[in-house]
Structures are given as structure tokens and as C-alpha cells.
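Down below is the structure, laid out as C-alpha cells.
First listed ligand is number 1; within each ligand, the first listed atom is number 1. Source: prediction; values computed, not measured.
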Amino acid sequence: MEIDEAIRESNDQRLKTKYNNSINVIRRALALYPVEEVAFSFNGGKDSTVLLHLLRAGYFLHQVDCGLSNGDLSSHASTFPIRTIYFESPSAFPEINSFTYETASSYGVHLDILRQDFKSGLEALLKSKPTRAIFLGVRIGDPTAVGQEQFSPSSPGWPPFMRVNPVLDWSYRDVWAFLLTCKVPYCHLYDQGYTSIGSVHDTTPNALLSVKDSASGKEKFRPAYMLTDGRLERAGRARKLNAGRITTFSNGHKSVENSGILTASIVAVGDEILFGSVEDQLGPFLCKKLHSIGWKVSHIAVVRSDVDSVAKEVERQKSTSDMVFLYGGFGPLHSDVSIAGVAKAFSVPLDLNKEFEEHLRRLYGEKCTADCNEMARLPQGITELVQHEKLPVPLIKCENVMILSATNVDELEQQWDSLINLRCSYLLPSTESFVSKHLTTSLSDLEVAQPLSKLCIEFPDIYIGCYRKLRSGPITVTLEGKDEKMVEAAMEAVSRTLSISS
Ligand SMILES: Cc1cc2nc3c(=O)[nH]c(=O)nc-3n(C[C@H](O)[C@H](O)[C@H](O)COP(=O)(O)O)c2cc1C
Ligand SMILES: Nc1ncnc2c1ncn2[C@@H]1O[C@H](COP(=O)(O)OP(=O)(O)OP(=O)(O)O)[C@@H](O)[C@H]1O
Ligand SMILES: [Mg+2]
């Protein structure tokens, strides 16, 4: 197998270590999942080109593990056995597209072409073919690698599969060391100064590789492998704006139903909460309400009343949750910075919203002064006013961020009821709500730890958690899921294992 041979013959010890670790990840994945239920996500980029060759070598060595090959390194299969998916997009570079197709044909890779967005494409793929694990060329430092491990289940709200990232810990230097050592073809855009390739709309050659041609005086670019500081790999990529997940279900009811469990984040703005002088009651109230409609709250944060703190948190949460609920810091006071923070998170300016100004004028009458005009300046181009007869002024929604103006639980209840009443496409109750069961045991932590963690593996779709009110007191086990029978089966298993009589 020429890849394995090239690495063995190389005297780059670091590359050998990276290669061996990645091959082990691939062998582990192939031992865990039948090869027909595994896929490879290939897009012709440098990282996925590395992964293609690692998979070719890894599959060969896996066959040796299974006794299906005699380990003769010169032999290799003429077809690549792992199903390969390519999300083809009209905004991909033609060079990337043709490299993907040419590579597939050279290495006997059968490509499944998907023309939808990633999430819908994967939903369709999982429906048509059982797929338990997908190999990806994601590396630490990619924006999408945040929080991922070599084996990471797909995110909540995504179809269920294991993301396998064999090159997660490879550096920019490792990628080029591999491609050059193995002398494998790569897309020639990388020889023209491109160091990371997205779409034609957000990618340019990396300016750090720019040189002036001494003869013609024209600008030229050195090849990607000459970039010395790998941290600047993405210098030719434009920053992505407005990456909210709302777009995944902007066409309303139908897609909300299809997208599995919906997730929410809650952001409270208020220095007083952080000083400990005011207790936040709105966060727990929202958690209860969201849970009651089958949504999952993935995160609750309290941030300082300053524009950057709000912007940073909203920017983070809007791309990982279906909806972000924000409260506090709304009004004409100097500490009311939430709207500006949201605008900054979406990189848009504030702009006078005439409709909202009219609502404020009606509400405040004579008292509507210049401060009202300030309050009517809302994030430009992304603001939607949500009106209901029970609301004195509409609520403000910016893409998937809902700004709640409530300052206490009663006001929040009124705003929540109005939103539910409106049956807005972005806050629909899930078709199934959660079923929760609780059990109490007086066994110690040490006694329940192992049996419970085994049950978590046995019931992967059921949340099994524990809490206690006293360090030495009884432990309450919580079981939760959307399939009542499964929750009951898990409860019986927990009762049996911990010898609890119900
Ligand atoms: C096979 C595959 C699986 C993915 N799984 C997830 C996932 O579980 N969670 C998630 O938030 N995004 C997932 N994504 C999307 C990527 O994290 C990311 O949004 C995408 O690669 C960004 O590409 P873009 O910059 O071209 O939009 C997946 C993408 C692919 C191709
Ligand atoms: N359009 C796509 N089709 C299939 N897989 C994709 C697509 N886009 C991304 N992926 C998967 O996500 C991984 C990470 O993408 P990313 O763009 O960071 O890396 P790359 O394209 O391989 O290299 P580069 O960083 O040079 O662009 C890819 O290696 C691939 O596994
Ligand atoms: Mg890429």
C-alpha cells in the first residue's frame, strides 16, 4: 500500500506519529461500524484529500486486522470501499469541483452527490441508507471544530450519526508534510496561494504568500505549503456574517417538524445579577416553559450590561441554537445595551425603525421624547416586530434572537403566552413533549456510578442524570426522553440495577 510505505520510509517522526494515531482512529471506527454503514465526506479540499489517503491505508490495514489480506504492502484495492458523499454547490470553485471528480475516478471512489444544504442532505442520506458514522477532515482551528473530539456525535437537532475526525489534531504543517511526502495529487488552487478553500464568494489567495514578479512587476502567489505560520491559514477567507441557525427552518412549520429536538439558549443581561443583588427568576421560568413544549435549553448565560459582552454571547449562541432568548438591558437607560449588542453580534448598524417608533409614540404619548427615538433604533435589515393584542408594544426578533422586554415573571408570562398564541413558525411546540421519570436511591455515589454509566450506553436516546440536595443525602436519578416506552424501559432497568422497588 503506497501511502503506508511512503510514511514508513519517511524520516519525519512527527508525521509518522500523526499518521499512526489517525490510522488507529480509522481502524477503531471500522471495527465499531460495518463498512456499509460508514461514509466519508469528501470535498476536494486539502484536509479531505489527506483523509482520503488515510482511509485508503486504514481500510487496507483493517483488512489485515481481519485476516482478509496478507499485508502485502504493494497490493491495494482498485475501488475505494467507503461510501463517499460530496455536497456539490454552485458557488464551489470549478477547480475544486473538477479535482473532486477526477480524484474519485482515479481512486475508484463512488461519489454520492448531494445538492441540498448539509443538514437536509444528511437527513435524506440517513433515510435512504443506514449511516452510523461519517469521516470528516475537520481540524482543530477550523471554526466548526469547536468542542469536537475524534469521535463526536452529531449536534442536537442534526440527524444522528457519529462524526469521526481522524485528522482533528493535525496542524497545517502536518497536512502539507503528508501530501508532499506521499506525493499525492491535490487541487492546484493550493499552488496559486489558496491556503483554505470555501466558496468563490468568501475565498481569495492568502495575501501572506503574495510576491511581486521581478520581471513583469505583477502580483503572484507562492504555493500554500510555503506558508510558515499555519495560524494564518484562513487569512484568505472572509468572516462569515449572520450564521444563525434560523435559516435552517425559515420555511416554517414543515421544517420545524423535521428537525428533531429544537434547542434554545437563554441570555440574561444585567450587572445586578452578577453583583448578586438581584436574583434572576426569568431564566428558570423560561427553562420550564421551553421544556414544557419539548424544546431543549442548551445554555443559560448571564452577561454584563455592556455592548461587547452581549455581542460576544449572542454571536456564540445564535449559531449553535435554534432560538436565543435574551432579556434585560432593554430600554432608554445608559445601561440598556442589549439591542446594540445584538446589532453588533450580527455586524449590522442600528437604524430608526419607523413602525416601532409609532408604537412607542402611541404608548408614551406626550412623554415620547428623544430617548424614545433612540429606543426605536433597531438592528438594520434583520429586525422583525412581533405583535399581539395583549402586548403594549411588539417584541423584537432579530433573525433567531428573540428580545424579551419583560422585567418580571408576570410580564414574561404574558409575553410567552402571546408568542405561543401566535403559533409563530420559530416557536412551535415540538410534536412530542418530554417524558420525565425520577427515582431516588440511598446507595452511595460510588455504588451507582458504574452501573448508571453502563445504562447510559444501553439507552443512548434517554437522558439519564443524577442530582442530590445534600452531599451525603439520597441521589435522585432523572430519566428523560421523547419515547415513553423507552423511558419506562430505562426506568425499569435502573430500578432493577439499583434494586429500587417502585
Ligand atoms: C458530513 C457533515 C456533518 C456535519 N455535522 C454537523 C453537526 O453535527 N453539527 C453541526 O453544527 N454542523 C455539522 N456540519 C456542518 C459543518 O459543521 C459546518 O457548518 C460546515 O462544514 C461549514 O461549512 P461552510 O463554511 O461551507 O458553511 C456537518 C457537515 C458535514 C459535511
Ligand atoms: N461540500 C462538502 N462536501 C462534503 N464534505 C464537506 C464539504 N464541505 C466540507 N466538508 C467536510 O468538512 C471537512 C472540513 O472542511 P474544510 O473546508 O475545513 O476542509 P477542507 O476543505 O478539506 O480543506 P481547506 O481547509 O483547505 O478548505 C472536509 O474535509 C470534509 O470532510
Ligand atoms: Mg474547504
Side-chain angles (χ1 to χ4, degrees), residues 38-55 82-93 95-97 99-100 103-104 109 111-126 131 133-149 151-168 170-172 175-176 179 186-187 189-190 193-203 205-206 224-225 227 230 233-245 247-248 259-260 263 298 319-322:
V38 166
F40 164 41
S41 196
F42 179 58
N43 68 339
K46 64 181 185 311
D47 307 328
S48 66
T49 303
V50 168
L51 184 53
L52 166 68
H53 295 289
L54 291 175
L55 287 170
I82 300 173
R83 264 192 296 127
T84 303
I85 52 173
Y86 173 42
F87 289 86
E88 193 176 315
S89 143
S91 57
F93 281 88
E95 292 88 342
I96 277 280
N97 226 0
F99 176 76
T100 304
T103 307
V109 174
L111 283 185
D112 265 351
I113 308 298
L114 303 169
R115 291 197 171 85
Q116 293 126 299
D117 62 81
F118 291 128
K119 203 171 178 186
S120 321
L122 291 168
E123 263 158 16
L125 178 82
L126 262 69
T131 307
I134 305 182
F135 286 107
L136 288 137
V138 169
R139 290 196 288 116
I140 289 287
D142 292 347
T144 60
V146 179
Q148 287 209 59
E149 310 277 344
F151 286 78
S152 276
S154 50
S155 313
W158 281 67
F161 56 87
M162 184 63 80
R163 285 177 288 179
V164 186
N165 304 311
V167 295
L168 191 65
W170 285 45
S171 66
Y172 184 77
V175 166
W176 284 109
L179 294 171
Y186 55 81
C187 177
L189 285 178
Y190 292 110
Y194 290 85
T195 51
S196 164
I197 303 178
S199 79
V200 287
H201 307 299
D202 72 0
T203 313
N206 192 323
Y225 59 79
L227 182 75
E233 170 182 353
R234 295 177 67 86
R237 298 284 295 270
R239 214 171 75 79
K240 205 169 183 179
L241 301 178
N242 306 346
R245 286 173 41 150
T247 49
T248 61
S259 60
T263 58
S298 59
S319 52
T320 54
S321 293
D322 291 303

Original post:
Side chain of T84, backbone of I82: donor and acceptor closer than 3.5 Å?
Top reply: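 Looks like yes, one N/O pair under 3.5 Å.
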**OP:** Kindly say whether K46 contributes a backbone atom to a donor-acceptor pair with the side chain of Y190 at under 3.5 angstrom?
**Re:** yes
Heavy-atom contacts under 4.0 Å between [X] and ligand 1: side chain, backbone, both, or neither?
{"X": "F135", "answer": "neither"}
{"X": "R163", "answer": "side chain"}
{"X": "T320", "answer": "neither"}
{"X": "S155", "answer": "both"}

Subject >> Sub-4.0 Å atoms of ligand 1 with respect to non-hydrogen atoms of S154 >> reply: 8 (O)
Original post:
With atoms numbered from 1 as shown, which atoms in ligand 1 lie under 4.0 angstrom from a non-hydrogen atom of S41?
Top reply: 1 (C), 31 (C)
Just how far is it from atom [atom1] of [X] to atom [atom2] of [Y], taken to the nearest 0.5 Å?
{"X": "D322", "Y": "S298", "atom1": "CG", "atom2": "OG", "result": "9.0 Å"}
{"X": "D202", "Y": "R234", "atom1": "CG", "atom2": "CZ", "result": "8.0 Å"}
{"X": "I85", "Y": "F135", "atom1": "CD1", "atom2": "CZ", "result": "12.5 Å"}

Original post:
Ring centres of W158 and F118 under 6.0 Å apart?
Top reply: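 Between W158 and F118, the centre distance exceeds or equals 6.0 Å.
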**OP:** With atom 30 (C) of ligand 1 as the reference point, say which of I85, L136, D202 has the nearest heavy atom.
**Re:**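 Selected option, by shortest heavy-atom distance: L136.
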**OP:** Return the option from W158, F118, F161 holding the heavy atom at the smallest distance from atom 13 (C) of ligand 1.
**Re:** W158
Subject >> salt bridge (charged side-chain N to carboxylate O under 4.0 Å, His left out) involving E95 - partner list, sequence neighbours excluded >> reply: none
Subject >> Amino acids in close contact with ligand 2, where any non-hydrogen atom sits under 4.0 angstrom away >> reply: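 Ligand 2 is contacted, at a heavy-atom distance under 4.0 Å, by S41, F42, N43, G45, K46, D47, S48, I85, Y86, F87, F118, L136, G137, D142, Y190, T195, S196, I197, E233.
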Original post:
Side chains of L122 and I134: does their closest heavy-atom pair fall under 4.5 Å?
Top reply: yes
Original post:
Taking side chain as C-beta onward, heavy atoms only, is T103 less than 4.5 Å from V109?
Top reply: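 No, their side chains stay 4.5 Å or more apart.
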Subject >> N, O or S from I96 under 2.8 Å to the Mg ion (ligand 3) >> reply: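 Looking at I96, which is the residue asked about, there is no N, O or S atom under 2.8 Å from the Mg ion (ligand 3).
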Original post:
Purely on distance, is any nitrogen or oxygen of R237 under 3.5 Å from one on ligand 1?
Top reply: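 Looking only at distances, the answer is no, because the N/O contact criterion of under 3.5 Å is not met.
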Original post:
Just one of F93, F99, Y225 clears the ring pair (Phe, Tyr, Trp, His ring centres under 6.0 Å) bar with Y194, so which one?
Top reply: F93
Original post:
Do the rings of F42 and F40 sit parallel, tilted or perpendicular, given the 30° and 60° boundaries?
Top reply: tilted
